[in-house]
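What follows is a single structure, written as structure tokens, with notes after it.
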There are 2 protein chains.
Amino acid sequence: MIDRNLVSIRPFLANLAGLVRMSEEELASLTHLIKALNHHQAHATILEEGAPADRIVVIMSGLAYRFTRLANGRRQITAFLVPGDICDYRFLSSGHVGQHVFALSQVAVARMQAESFVAASERFPVFMRAMLAANAVDEAIGREWMISLGQRNALQRMAHLLCEMELRLRRVGLVEKGTFHFPATQTDLGDALGLSSVHVNRTLQELRRMHLVAMSKGIVTLNDTAALRRLALFDVTSLGYERNGRAGAVTH
Amino acid sequence: MIDRNLVSIRPFLANLAGLVRMSEEELASLTHLIKALNHHQAHATILEEGAPADRIVVIMSGLAYRFTRLANGRRQITAFLVPGDICDYRFLSSGHVGQHVFALSQVAVARMQAESFVAASERFPVFMRAMLAANAVDEAIGREWMISLGQRNALQRMAHLLCEMELRLRRVGLVEKGTFHFPATQTDLGDALGLSSVHVNRTLQELRRMHLVAMSKGIVTLNDTAALRRLALFDVTSLGYERNGRAGAVTH
DNA sequence: GTCGCCGATTAACGCAGGTTAGACGTGCAC
DNA sequence: GTGCACGTCTAACCTGCGTTAATCGGCGAC
């Protein structure tokens with residue numbers, strides 16, 4: 001048995017319970033599925049692509065990202081992960097981790113056996129519904145990245161990413177007056193946004209000059225969220241959080 | 001009761017059964033979940049974003065695409081759909097269709113009640129596993145698009161898309177000696193690849209000049225798939241089809 | 001301390017791809 | 001037939017962003 005107080009499990013529960021309503025009993029049962037809590041140093045690999053996906057790995061604190069490397073050495077970051085997020089959803093299907101997951105800061109992760117989760121969701125079908133809803137949010141964010149990469153220019157892309165991170169981090173209580181911790185380097189940002197690090201630098205400076213964003217040493221402050229969202233063509237509903245409380249079609 | 005012979009359901013079964021092994025009984029039961037077959041004209045809307053997702057809509061013949069429109073009018077095509085593909089996976093979670101789905105050619109679709117499907121998958125859990133596996137393939141293809149948009153140049157993007165379509169269409173028997181039907185306009189291709197239609201034209205001409213691709217009136221021929229794949233940095237395993245037969249972690 | 005590395009920043013230059021604007025062909029409505 | 005809509009293709013011009021390379025500052029190892 002692990003000490004559940006070492007790391008708050010609040011973000012995890014807030015994330016899933018924010019998508020699907022759960023009873024106290026269900027929340028407690030979910031908590032007890034957690035079988036291990038691990039810590040990873042910043043810049044450590046959390047999951048390796050292709051590894052067996054028999055465990056569900058959840059970020060409890062810190063930030064991480066998923067990425068894929070191309071044959072020519074270029075790297076695409078495909079998602080940033082915040083507390084409450086599930087590192088990889090392939091346990092639902094193929095049994096093999098889909099992408100590398102890498103710690104951006106020091107990270108605590110919880111692990112549960114995929115099998116136990118599936119077994120528990122026979123008793124509490126709401127577990128699987130919550131998992132599928134979380135997966136759908138993940139997909140919606142990914143689709144928004146695709147739209148950014150295809151249709152937004154550098155300034156809009158950067159603005160959009162910052163709006164996304166602000167919203168997601170605020171949802172788990174990690175934003176205070178527009179300020180949050182986000183220790184991605186300019187190279188990381190470039191690999192996420194499909195830009196060179198030089199152009200990331202230019203872009204950040206322009207956002208700074210416009211008094212929309214301040215960013216230094218991994219601390220980001222958004223001074224005018226409304227204006228930033230307008231610039232980014234950011235649509236709050238597009239990340240798929242908006243339909244909380246509705247049960248969806250899969251209700252048993 | 002509908003006439004199941006009007007349109008072959010083979011692509012649908014081939015798609016799901018290609019991901020997860022199914023018995024004759026299971027295939028038959030799945031077939032009988034289909035409650036309606038509809039036809040859509042080319043350039044008709046098949047699904048509208050935000051509509052209730054209480055039915056599972058499957059492409060039986062023809063081609064379609066998903067897209068999202070930005071506030072500034074720009075459009076991003078986020079996926080092409082081939083026979084056997086499911087138009088939208090949101091019935092698994094939110095109960096609302098995630099994106100517009102549009103017919104590229106004349107299209108036949110089958111519809112099943114999401115509720116019936118869920119009920120049937122209690123008796124045949126393999127149904128839900130197949131659905132989650134199909135969803136995972138969909139996600140893997142989407143991630144590959146993200147990588148294209150972020151890290152590949154115009155020539156590589158176009159080549160990659162053509163390799164992807166060839167592979168997916170061949171899987172459902174729609175490629176003959178490197179030739180397949182793909183009636184996307186150059187504007188469509190631009191909206192999928194994040195390029196202007198003018199540059200799509202330049203790019204196609206270069207592929208033609210390199211004797212890799214012939215494309216006219218919606219008929220595509222790939223003359224040297226191996227070379228095209230090399231150019232595109234195409235990785236066959238990245239689309240997520242490779243792990244057929246393995247049951248995955250969710251096995252009950 | 002100082003060495004070395006990493007990340008931020010700046011400058012100079014170049015090019016891939018965007019934009020605008022036509023011309024041309026084809027197929028369809030009438 | 002004619003006119004129109006739509007898709008392909010071309011040309012001229014331009015710019016957003018990449019590339020290369022160098023400087024600077026901070027910070028951890030020793």
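- Within the structure, the side chain to side chain donor-acceptor pair (under 3.5 Å) test picks out the following pairs touching residues 72-82 of chain B (sequence neighbours left out): A:Gln151-B:Arg74, A:Gln151-B:Gln76, B:Tyr65-B:Arg75, B:Arg75-B:Asp188, B:Arg75-B:Asp191, B:Thr78-B:Gln99.
- For the salt bridge (Lys or Arg N to Asp or Glu O under 4.0 Å) condition, the pairs that include at least one residue of residues 138-147 of chain B, sequence neighbours left out, are B:Arg66-B:Asp138, B:Glu144-B:Arg152.
- Note on residues 212-241 of chain B: pairs passing salt bridge (Lys or Arg N to Asp or Glu O under 4.0 Å), not counting sequence neighbours, are B:Glu166-B:Arg229.
- Atoms CG (A:Leu204) and P (C:dT9) sit 8 Å apart, rounded to a whole Å.
- Looking at residues two or more places apart in sequence or on another chain, you find no ring-ring contact (aromatic ring centres under 6.0 Å, His included) involving B:His40.
- A salt bridge (Lys or Arg N to Asp or Glu O under 4.0 Å) check over residues 193-216 of chain B, counting only residues at least two apart or in different chains, returns nothing.
- Taking atom CD of A:Glu206 as the reference point, atom C1' of C:dT10 lies 16 Å away to the nearest angstrom.
- Distance CD1/A:Ile86 to CG/A:Asn15: 7.0 Å, rounded to 0.5 Å.
- Between B:Asp188 atom CG and D:dT8 atom C1' the separation is 13 Å, expressed in whole Å.
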Name the pairs: protein N/O against N/O of nucleotides 4-8 of chain C, kept only if under 3.5 Å.
residue	atom	partner	partner atom	Å
C:dA8	OP2	A:Gln186	N	2.9

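- Scored by the salt bridge (charged side-chain N to carboxylate O under 4.0 Å, His left out) test, B:Arg69 finds no partners at all (sequence neighbours excluded).
- Evaluation of the side chain to side chain donor-acceptor pair (under 3.5 Å) rule for B:Thr45 yields no partner, not counting sequence neighbours.
- For B:Phe180, the ring-ring contact (aromatic ring centres under 6.0 Å, His included) test picks out no residue, with sequence neighbours left out.
- Under the side chain to side chain donor-acceptor pair (under 3.5 Å) criterion, B:Gln205 pairs with B:Asn201, sequence neighbours left out.
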Distances under 3.5 Å between protein N/O atoms and the N/O atoms of nucleotides 17-26 of chain D, please, pair by pair.
residue	atom	partner	partner atom	Å
D:dC17	OP1	A:Ala154	N	3.1
D:dC17	OP2	A:His199	NE2	3.3
D:dC17	O5'	A:His199	NE2	3.4
D:dG18	OP1	A:Gly194	O	3.4
D:dG18	OP1	A:Ser196	N	3.1
D:dG18	OP2	A:Ser196	N	3.0
D:dG18	OP2	A:Ser196	OG	2.9
D:dG18	N7	A:Arg202	NH2	2.8
D:dG18	O6	A:Arg202	NH2	3.4

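- D:dG16 atom C1' lies 15 Å from atom CG of A:Leu193, rounded to whole Å.
- One end of the helix from C:dG1-D:dC30 to C:dC30-D:dG1 points its axis 40° away from the other end's axis, with each axis taken from 5 pairs and the angle rounded to 10°.
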